[in-house]
Amino acid sequence: MELTPEQIAQFEEDGYLIFPELFSPEETAVLKAEAARVSQIDAECIFREGEAQLAKSMFRLHEADGPTASSAYRAASRSPRVLRVAQQVLGDDALYLHHCKVNMKAAIEGTAWPWHQDFGSWRLDGIARPDMATLAVLLDDATEFSGCLHLLPGSHREGRKDPYWDDKTAYKLWAVGPTAMKDMIKRYPDPIRVDGKAGTAAIFHCNLLHASGHNLSAQDRWQAYFCFNTVKNRPADVEQPRPDYVRSRNWTPMETVADDALLASVTVS
Ligand code: SIN
Ligand code: MN
């Protein structure tokens, strides 16, 4: 999928692009069913929350091996609608996935993600430059009520903020603190919602501030995330590196597959 020069300029200016219904209902149903299948597996790379221990975040669905491997996620990550879009916004054809995850925010019980920049964590993984972007796909219709993602337009241009370790959330992460966030929200246009129909996607820069609230609705809010880095920006060695499922060591440049590979994966999985 080729972007226009205007779209690339818009990504540079705002730090994101939104693609309504990028995946068809049939494709999205495959991704959702695969996420449901994987969520039943007992694996180190699946994080759970609440009394019912519902899956909250699960990683490494895109590789050909490992307990959470899914041929549908592997195909989606290499689709021209995902990989080709990431290649264009990052201006480099040699990309790999730093990680791939599905965040599952269960109806009523699914909790918030605080304001953060992805590069807050990824710099600590040993990655030198913010030459990274994430393509998120809605697996359910998402609304503000169900805890859709919010993006602070243009905030990536200020660069990386010093993060703090937020251990209050179900999936602990490096977040940006309230003082810095209040200041930024006052200075920027209102945050935009990544809402709408399942299959809708957004690609956003790794320094773009983003967050999402509690799911107050009766509908689940599941979303898939493909987090791309350029091969030349792969992480340097760090002490106590995070596990491979979140800080991938597979730096082989990814190749695009046919646009219908996701649906075709159903017959071969
Ligand atoms: C994230 O930014 O990693 C998760 C946000 C969300 O799924 O709402
Ligand atoms: Mn994030």
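What you are looking at is a predicted structure, and each value in this text was computed from that prediction instead of being measured. Counting starts at 1 for both ligands and their atoms, following the listed order.
Note on D65 versus R60: salt bridge recorded, some NZ/NE/NH1/NH2 to OD/OE distance being below 4.0 Å. Of the charged side-chain nitrogens involved, none lies within less than 4.0 Å of a carboxylate oxygen, so that D118 and R123 do not count as a salt-bridged pair.
Within D118, OD1 is the N, O or S atom that lies nearest to the Mn ion (ligand 2).
For E255, the CD atom counts as loosely surrounded, since its 6.0 Å shell holds 12 or fewer non-hydrogen atoms of other residues, nucleotides or ligands. Summarising the local packing, NZ of K172 is surrounded by more than 12 heavy atoms from other residues, nucleotides or ligands at distances under 6.0 Å.
Around atom 3 (O) of ligand 1, the closest heavy atom drawn from H116, K101, K56, M104 belongs to K101.
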Pair H116-H210, ring-ring contact (aromatic ring centres under 6.0 Å, His included): steps then yes or no: CA-CA 6 Å; H116 68 280; H210 57 285; 4.1 Å; yes
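For the ring-ring contact (aromatic ring centres under 6.0 Å, His included) test with H99, the passing option among W122, Y73, Y225 is W122; the others fail.
Considering backbone and side-chain N/O atoms, Q223 never comes within less than 3.5 Å of an N/O atom of ligand 1. No N or O atom of W113 sits closer than 3.5 Å to an N or O atom of ligand 1.
Remark: ligand 1 atoms within the under-4.0 Å shell around heavy atoms of S212 are 6 (C), 8 (O). Counting the atoms of ligand 1 from 1 in the order shown, those under 4.0 Å from a heavy atom of N103 are 1 (C), 3 (O), 4 (C), 5 (C), 6 (C), 7 (O). Counting atoms of ligand 1 from 1 in the listed order, those under 4.0 Å from a heavy atom of L149 are 5 (C), 6 (C), 8 (O). For ligand 1, the atoms closer than 4.0 angstrom to any heavy atom of H210 are 2 (O). Every atom of ligand 1 is numbered from 1 in the order shown, and the set under 4.0 Å from a heavy atom of R221 is 6 (C), 7 (O), 8 (O).
In summary, the side chains of E144 and H150 do present a donor paired with an acceptor at a separation below 3.5 Å, with no hydrogens or angles considered. Judged by distance alone, the side chains of S24 and E26 do bring a donor and an acceptor atom under 3.5 Å apart.
What sits closest to atom 7 (O) of ligand 1 on the protein, heavy atoms only, is Y225 OH, 2.5 Å.
Rounded to 10°, the angle that NE2 of H210 and NE2 of H116 form at the Mn ion (ligand 2) is 80°.
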